[in-house]
Amino acid sequence: MQFSLSKKESKNEKKHFSTAIIGGGPAGLTAAIYLGRSKVDTIVFEKITPGGYIINVEKIENYPGFPEGISGQELGQLYTLHAERFGAEIRTEEITKLTLNELPFRIKTSNGSYTSDSLILATGTSNRKIGVPGEKEFTNKGISFCATCDAPFFEGEDVVVVGAGNSGVQESLFISKFAKHITITEMLDHPTAEPILIDRLNENDKIELLVSHSVVSFKGDKLLSNVDIKNIKNGEVKNLKVKGAFIYAGDVPNNDLIKDDLELDNKGFIITDERMRTSREGIFAAGNVRNTCFRQVATAIGDGAIAAHEAYKFLEENK
Amino acid sequence: MGLISEGDREYLREEFERNLKRNVVLLYFEEKGKESEYSLQAKELLEELVALNNNLSLTLKNCDDAEEMKSEELYLCPSIKVKSERNGFVNFYGIPAGHEFTSLVEAINDMGSDNLSLPADVIEGLKEIDSPVDIKVFITHSCPYCPGAVRNAHQFSLVNEKIRGSMVDANYFEELSKEHQVSSVPHIVVNDKINFTGNVPPGMFLDKIKEALK
């Protein structure tokens, strides 16, 4: 049994910072490390737990330096400690409003108001919903987006996992510790997860992969009890009895705070140049929320370092 | 090596030193004579915690003592209740392990201080409640979203003594979880009447309480 401590209380009453970082995941915390080393007073706002989305990941195996892999929770804690070591102020507060049309930028949170001279947006992504009948009705009543949170509820049960990308396959391997049988549905005619994950999937006799299949409806009474899945090639629909469903069908950007202020691509990701500059001066974006071609921890930390470097230059030029 | 890492002990010593202005008692109710690894770890954790600050103490209780359970308004075992001179019903049914360790530390800091981190309008709304409110927050130890919901429930009880806030380990208390149809966490039950899921903002949480009181 583990005991994880989120070190988040602060007695610092400061309300203005040179840089505010929205989002305490790998990109945001890396930016905080670099800015801290540049002696820039920096605040990081994280609405859930410092570490960001990776704290939901049981094991990260493709992050350099950890040949045996590292749990997302532990990596998130290390990032947090690292950022704090160089002086970053990390607050667990949810941003309710950003005012970006003039300097200093104004930040309203669940606990108070702050200002900053520059901003790094590292708000990440959320799981995309698939938009089929029953999805809304049975969310949290059998449908889950967090395997680490909810997989234990499906001990000895049959479940379906939507999506055979890295997340879908990796989480299916985790869920297989609890569930009796897992059916993964993938709309494409092949899984898109890394080959090493596909090998593990093939070796796991609890998991069945159905490519060219999609879930077309979730059904049940008060709780989810079955799903209809459709064979995309021949149109055949069959029903599966399942108690649980986990959806990993891609990501949507967490852009609610800035979607009317910054240029976004057609999927809602923040457009940046190679220096992480957004369409508004003094505002930078890093990690999964920006229009990057590959979303990984390794790419997010690179973004975070560049964004911090550019924010520092911006502050120096505008002293 | 103990259950709490040396780095966390050092942090907690500083945190407790800064926060604890009064004595805080951890009441641990266990089934004496039927201790499981689960309950023994809880006891070990609490013993390590109280050793970190002189304002902290641990009192061991027996769940078989029905009178005592009743007087503390507890109905599941094992249970940890955090008490001080500050009003509030801050309770954990099961072990606050994993991410919930943070909830226990926050509860200790809150009971040992005058800390309150709720928006002013929510505090006013909570003060207006004049009927008993029982809040159960079902959690799993691996849920990073759960401590926020547990903290809200506990902080609500600090504002109004009619409110009881309890964390419930959903996997350990399986029957109760099934009774409330828990399949995602945090799953919150108010007065066994209103169910909702997620670490919702305090204002929305308050609205759910008001709905349960209608």
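In what follows, chains carry the letters A, B, and so on, assigned in the order in which the sequence lines appear, proteins first and then strands, with residues in each chain numbered from 1. What's counted below: heavy atoms across the whole structure, side chains too, no hydrogens, waters or symmetry copies.
- Proximity to chain A is absent for every atom of Ile139(B), based on heavy atoms less than 4.5 angstrom apart.
- Proximity to chain B (any heavy atom under 4.5 Å) is shown, for Phe145(A), by neither the backbone nor the side chain.
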Exercise. Please report the C-alpha distance between Leu81(A) and Tyr11(B) in whole Å, then the side-chain angles of each, then the deciding distance to 0.1 Å, and finally whether the side-chain contact (heavy atoms from CB on, under 4.5 Å) criterion is met.
Key: CA-CA 11 Å; Leu81(A) 287 172; Tyr11(B) 169 80; over 6 Å; no
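- With a 4.5 Å cut-off on non-hydrogen atoms, Ile95(B) touches chain A through its side chain but not through its backbone.
- Residues of residues 172-196 of chain B lying within less than 4.5 angstrom of chain A, judged on heavy atoms, are Gln181(B), Val182(B), Ser183(B), Ser184(B), Val185(B) in numerical order.
- For Lys222(A), the part sitting under 4.5 Å from any heavy atom of chain B is the side chain, from C-beta outward, and nothing else.
- Applying the 6.0 Å contact sphere to NZ of Lys129(A) captures no more than 12 heavy atoms from other residues, nucleotides or ligands.
- Between Pro144(B) and Thr49(A) the shortest heavy-atom distance is O-OG1, 3.5 Å.
- Residues passing the side chain to side chain contact (heavy atoms under 4.5 Å, CB included) test with Glu47(B) are Lys43(B), Leu58(B), sequence neighbours excluded.
- Using a 4.5 Å cut-off between heavy atoms, Gln73(A) touches chain B through its side chain atoms alone.
- The choice from Ala120(B), Gly198(B), Gly98(B) that makes the most heavy-atom pairs within less than 4.5 Å of chain A is Gly98(B).
- Of the two parts of Ile143(A), only the backbone, made up of N, CA, C and O, holds a non-hydrogen atom closer than 4.5 Å to a non-hydrogen atom of chain B.
- Under the side chain to side chain contact (heavy atoms under 4.5 Å, CB included) criterion, Arg85(A) pairs with no residue at all, not counting sequence neighbours.
- Of the two parts of Leu118(B), neither the backbone nor the side chain holds a non-hydrogen atom closer than 4.5 Å to a non-hydrogen atom of chain A.
- Atom CG of Asn239(A) sits in a crowded spot, with more than 12 heavy atoms from other residues, nucleotides or ligands closer than 6.0 Å.
- Going from atom NZ of Lys47(A) over to atom CG of Asn199(B) covers 9.5 Å, rounded to the nearest 0.5 Å.
- For chain B, the option among Cys149(A), Pro152(A), Gly51(A) with the highest count of heavy-atom pairs below 4.5 Å is Cys149(A).
- Evaluation of the salt bridge (Lys or Arg N to Asp or Glu O under 4.0 Å) test over residues 198-214 of chain B, restricted to residues two or more places apart or in two chains, returns none.
- Within 6.0 Å of CD in Glu61(A) there are more than 12 heavy atoms belonging to other residues, nucleotides or ligands.
- The environment of Lys21(B) atom NZ is dense: over 12 non-hydrogen atoms of other residues, nucleotides or ligands sit within 6.0 angstrom.
- No more than 12 heavy-atom neighbours from other residues, nucleotides or ligands sit within 6.0 angstrom of NZ on Lys141(A).
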